[in-house]
Amino acid sequence: MDDAVSIIIRPLKTRDRRAVEEICYRTGYNGEDLTGTGRFNDHRLFGLLFSLYYTYHERANSFVAVDEDSGRIAGYLLGSLDTIAQEKRFSRLWTARIAARGLLVSWWRYRESFSAMWHFSSVVHTFPPLSHIHREYPAHLHINLLPGYQRRGVGGRLMEAMEARVRGAGIPGIHLITSDMNLKAVPFYLGRGYRILMELSPGIWSDAPEARGLVFGKKLT
Ligand SMILES: CC(C)(COP(=O)(O)OP(=O)(O)OC[C@H]1O[C@@H](n2cnc3c(N)ncnc32)[C@H](O)[C@@H]1OP(=O)(O)O)[C@@H](O)C(=O)NCCC(=O)NCCS
């Protein structure tokens, strides 16, 4: 790809949904591509778990980076201003969709994906509550770029757009969760003034139980 790529940042639109689902999958294993790894072959279930919700319910708080030359979506930042409300909405509106996909499709066609989802859910339920973080840093984000667009300043621009949105709404802080195995994301967040608030273990992937989740936060007032 040309080094002098020209990127614009704009709010997420409904038509970006498939691109978001693809990017989520292509960066889904601690920041690396899940394609061909056999870890989670059900792309749709992966999207339902980690990205599609935002394309329906949080478009005002989410952004995409678009390659102006090709029109391709290079990456996204999916976010919410109010994690406590978002988690309630997710359970109310989304759990049934995930369960339907899991039981009607994944269980029969993608058994490894069903097992991985089951594993994620059992591990996450052992984590301590994050309610104090949700109160102090109410907003949250997920950011992912296609491999060819990484380390060119695009992630930084998406973060600036979201931080401006959060500040503009008068929200005092923002947080996110990554893994200590993600060697791109950890220096990226540290370099942007985020600090580690909490560590979570074990890792959510059964083949990397030694990984620790890192909850990062930044005050924006
Ligand atoms: C993490 C990510 C969002 C950062 O966005 P980006 O556009 O690549 O980052 P920027 O170019 O704005 O910033 C560069 C900084 O990020 C970090 N970084 C980005 N890629 C890196 C890499 N391959 N190795 C080490 N550090 C890296 C470094 O701190 C770097 O600063 P430096 O170049 O001065 O060392 C992007 O690399 C990405 O999408 N990675 C895959 C998906 C992912 O891990 N998402 C985060 C999930 S929590």
Side-chain angles (χ1 to χ4, degrees), residues 1-10 12 16 19-37 39-40 43 46-47 49-55 58 61-68 70 72-80 83 86 120 123-124 127 130 133 137 139-166 173-201 203-205 208 211-218:
M1 198 180 62
D2 186 1
D3 257 6
V5 64
S6 163
I7 295 284
I8 56 157
I9 307 293
R10 64 156 170 80
L12 176 73
D16 304 324
V20 166
E21 192 178 27
E22 188 209 339
I23 295 166
C24 175
Y25 192 81
R26 294 206 48 209
T27 52
Y29 183 74
N30 297 310
E32 303 301 326
D33 198 344
L34 273 168
T35 310
T37 65
R39 288 189 174 96
F40 204 113
H43 291 227
F46 201 74
L49 287 168
F50 297 112
S51 60
L52 287 174
Y53 168 87
Y54 298 86
T55 70
E58 297 278 4
N61 304 313
S62 301
F63 300 87
V64 288
V66 186
D67 182 332
E68 273 194 304
S70 62
R72 189 174 193 200
I73 306 291
Y76 62 68
L77 185 153
L78 307 176
S80 171
T83 301
Q86 183 271 328
F120 297 161
V123 168
V124 167
F127 291 162
L130 300 182
I133 292 175
Y137 304 82
H140 76 257
L141 68 91
H142 305 275
I143 180 169
N144 294 76
L145 305 179
L146 285 173
Y149 292 94
Q150 294 171 11
R151 218 170 190 175
R152 293 158 160 252
V154 180
R157 289 178 57 197
L158 283 164
M159 295 292 279
E160 282 162 16
M162 182 59 177
E163 289 177 7
R165 167 95 183 112
V166 175
I174 184 162
H175 73 278
L176 61 99
I177 303 179
T178 190
S179 148
D180 66 350
M181 280 178 69
N182 191 327
L183 302 178
K184 304 170 197 172
V186 172
F188 175 71
Y189 297 128
L190 289 172
R192 305 197 65 81
Y194 286 70
R195 65 183 186 90
I196 297 171
L197 305 174
M198 197 191 255
E199 295 190 1
L200 305 168
S201 56
I204 63 165
W205 290 97
R212 282 169 308 149
L214 301 177
V215 185
F216 277 93
K218 182 175 176 179

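Counting convention: from 1, in listed order, for ligands and their atoms alike.
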Ring pair (Phe, Tyr, Trp, His ring centres under 6.0 Å) between F120 and F50, intermediate numbers included: CA-CA 12 Å; F120 297 161; F50 297 112; 5.7 Å; yes
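Taking the charged nitrogens against the carboxylate oxygens, R212 and D180 do have a contact shorter than 4.0 Å, which makes a salt bridge.
The aromatic rings of H140 and H142 sit perpendicular, their planes meeting at an angle over 60°, well past the 30° parallel limit.
H43 pairs by the ring-ring contact (aromatic ring centres under 6.0 Å, His included) definition with Y25, not counting sequence neighbours.
Within 4.0 Å of ligand 1, counting heavy atoms only, the contacting residues are T27, G31, I143, N144, L145, Q150, R151, R152, G153, V154, G155, G156, I177, T178, N182, L183, K184, A185, P187, F188, Y189.
At a cut-off of 3.5 Å, with distance as the only test, a side-chain donor of D67 or Y149 sits close to an acceptor on the other residue.
Applying the 6.0 Å contact sphere to CZ of R195 captures no more than 12 heavy atoms from other residues, nucleotides or ligands.
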